[in-house]
Amino acid sequence: MEMPFRSWISVAIAVGVAALIAGPFPTAQAESLATVDHQMGASIRAHEGVGEDTAEGVEEFPGIAPAAVQTPGLDVSHWEGTIDWATVGLLGARFAYIKATEGTAYRDPSFSTNYLQAYSQGIIRGAYHYARPDNSGGAAQADYFATHGGGWSADGLTLPGALDIEWGSATQGGDCYGLSQSAMVAWIRAFSMEYRARTTRWPVIYTSTRWWTECTGNRGAFSSTNPLWVARRSSTVGVLPYNWSYQTIWQYAFSGTFPGDQDRFNGDYSRVRALALG
């Protein structure tokens with residue numbers, strides 16, 4: 001659904017204010033503000049189709065045997081507007097991921113509000129970073145993320161940060177941001193290692209199997225360290241990237257009960273808390 005013209009103006013103003021707060025863009029990042037504010041999964045939707053785009057008509061735990069307990073959650077950014085987190089909690093959300101940063105110059109203007117209000121409702125929440133391998137290195141982006149909301153604390157309500165890595169556009173160097181498959185694996189590893197050095201935790205990796213296959217050659221030994229958050233809008237989770245034998249989180253719909261995308265944690269609430277506690 002296209003946004004009304006007035007809504008685009010409001011978004012542009014919000015992005016401009018956030019950019020001023022974050023500071024000037026690096027010289028190498030010569031691009032308009034409109035290209036540095038991406039919604040999680042938007043490029044996956046554009047490249048891979050919507051599948052079963054909403055939770056309507058999908059069984060309670062889509063593609064999962066009834067014996068497998070799944071914990072409901074969501075992911076959001078400023079694109080969802082003002083969120084009533086008390087209602088989100090009453091509807092049953094037990095965890096949430098909230099956009100904090102993108103690249104090395106953009107900070108989501110709603111991050112602090114969403115992050116604190118989710119916490120106040122007892123919802124276990126974490127921050128996510130939208131990767132931009134076209135404009136800076138993985139370590140630099142991990143540092144920016146950790147400094148601007150992506151940190152971690154062992155309070156039982158904070159999940160390790162997540163790296164959102166998905167399709168690039170033509171202006172960003174193409175599907176894989178102009179990187180070779182081996183260079184992409186190295187970029188993700190640099191982000192992961194630096195984030196761990198800054199926080200003691202390995203970041204969750206959000207991606208789709210199709211993107212991972214094209215842009216890493218379906219390689220990268222991350223399954224023993226980094227929890228997988230797989231995006232697949234369907235009634236089943238499908239084939240997972242490389243050697244991950246299971247997903248920690250499944251993003252299965254763009255809309256549904258909660259604001260933003262609909263997610264399922266692969267386990268009961270105690271497993272969500274276990275990931276938060278490290």
Side-chain angles (χ1 to χ4, degrees), residues 26 28-31 35-36 38-51 75 97 99 101-106 128-146 150 160-198 201-234 236-251 261:
Q29 201 167 316
E31 55 190 348
T35 66
V36 295
H38 294 84
Q39 190 174 22
M40 174 176 273
S43 72
I44 291 175
R45 182 174 187 168
H47 279 74
E48 303 181 22
V50 298
D75 59 85
Y97 267 100
K99 183 175 181 179
T101 54
E102 178 168 340
T104 53
Y106 179 81
Y128 78 83
H129 172 82
Y130 194 100
R132 290 296 304 275
D134 55 314
N135 64 33
S136 55
Q141 292 195 26
D143 279 331
Y144 187 77
F145 177 45
L163 172 66
D164 172 1
I165 190 154
E166 51 187 280
W167 306 93
S169 67
T171 60
Q172 297 160 2
D175 290 352
C176 308
Y177 302 91
L179 299 185
S180 67
Q181 292 173 340
S182 59
M184 182 62 74
V185 171
W187 193 98
I188 297 169
R189 182 173 294 113
F191 183 100
S192 183
M193 295 294 290
E194 184 65 13
Y195 185 80
R196 179 169 170 79
R198 289 289 304 271
R201 299 300 305 275
W202 295 105
V204 174
I205 294 177
Y206 167 92
T207 193
S208 76
T209 299
R210 282 182 57 186
W211 183 90
W212 196 268
T213 299
E214 177 180 342
C215 294
T216 74
N218 207 26
R219 294 179 292 170
F222 297 100
S223 64
S224 63
T225 52
N226 301 74
L228 172 66
W229 181 1
V230 68
R232 187 169 191 261
R233 279 72 173 193
S234 182
T236 62
V237 72
V239 177
L240 300 178
Y242 188 45
N243 59 350
W244 274 288
S245 59
Y246 64 92
Q247 80 284 357
T248 296
I249 303 172
W250 175 17
Q251 185 189 78
D261 300 314

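- In this structure, the side chain of Thr209 engages the main chain of Val239 through a donor-acceptor pair within 3.5 Å.
- Side chain of Trp212 to main chain of Leu240: no donor-acceptor pair is present (N/O by atom type, distance under 3.5 Å, no hydrogens or angles).
- Looking at Arg219, its side chain does come within 3.5 Å of a backbone N or O of Thr216 through a donor-acceptor pair.
- Ring pair His129/Phe191: centre-to-centre distance below 6.0 Å.
- In this structure, the side chain of Tyr195 engages the main chain of Gly150 through a donor-acceptor pair within 3.5 Å.
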Next item on the list: Would you please test Arg232 and Ile44 for side chain to side chain contact (heavy atoms under 4.5 Å, CB included) and show each step?
Entry: CA-CA 9 Å; Arg232 187 169 191 261; Ile44 291 175; over 6 Å; no

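- To the nearest 0.5 Å, atoms CH2 (Trp229) and OH (Tyr97) are separated by 6.5 Å.
- Of the possible polar contacts, one joining the Glu166 side chain to the Ser43 backbone as a donor-acceptor pair under 3.5 Å is found.
- Expressed to the nearest 0.5 Å, how far OG1 of Thr101 lies from CG of Asp164 amounts to 10.0 Å.
- Listed here is the closest heavy atom pair of Gln141 and Ser136: NE2-OG, 2.9 Å.
- Atom CG of residue Asn226 and atom OG1 of residue Thr207 lie 12.0 Å apart, to the nearest 0.5 angstrom.
- Between Trp187 and Tyr177, the ring center distance fails the sub-6.0 Å criterion.
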Note to self: Pair His38, Arg132 - check side chain to side chain contact (heavy atoms under 4.5 Å, CB included), show working.
What the structure shows: CA-CA 10 Å; His38 294 84; Arg132 290 296 304 275; 3.9 Å; yes

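- Proximity of a side-chain donor or acceptor of Gln181 to a complementary backbone N or O of Glu214 within less than 3.5 Å is detected.
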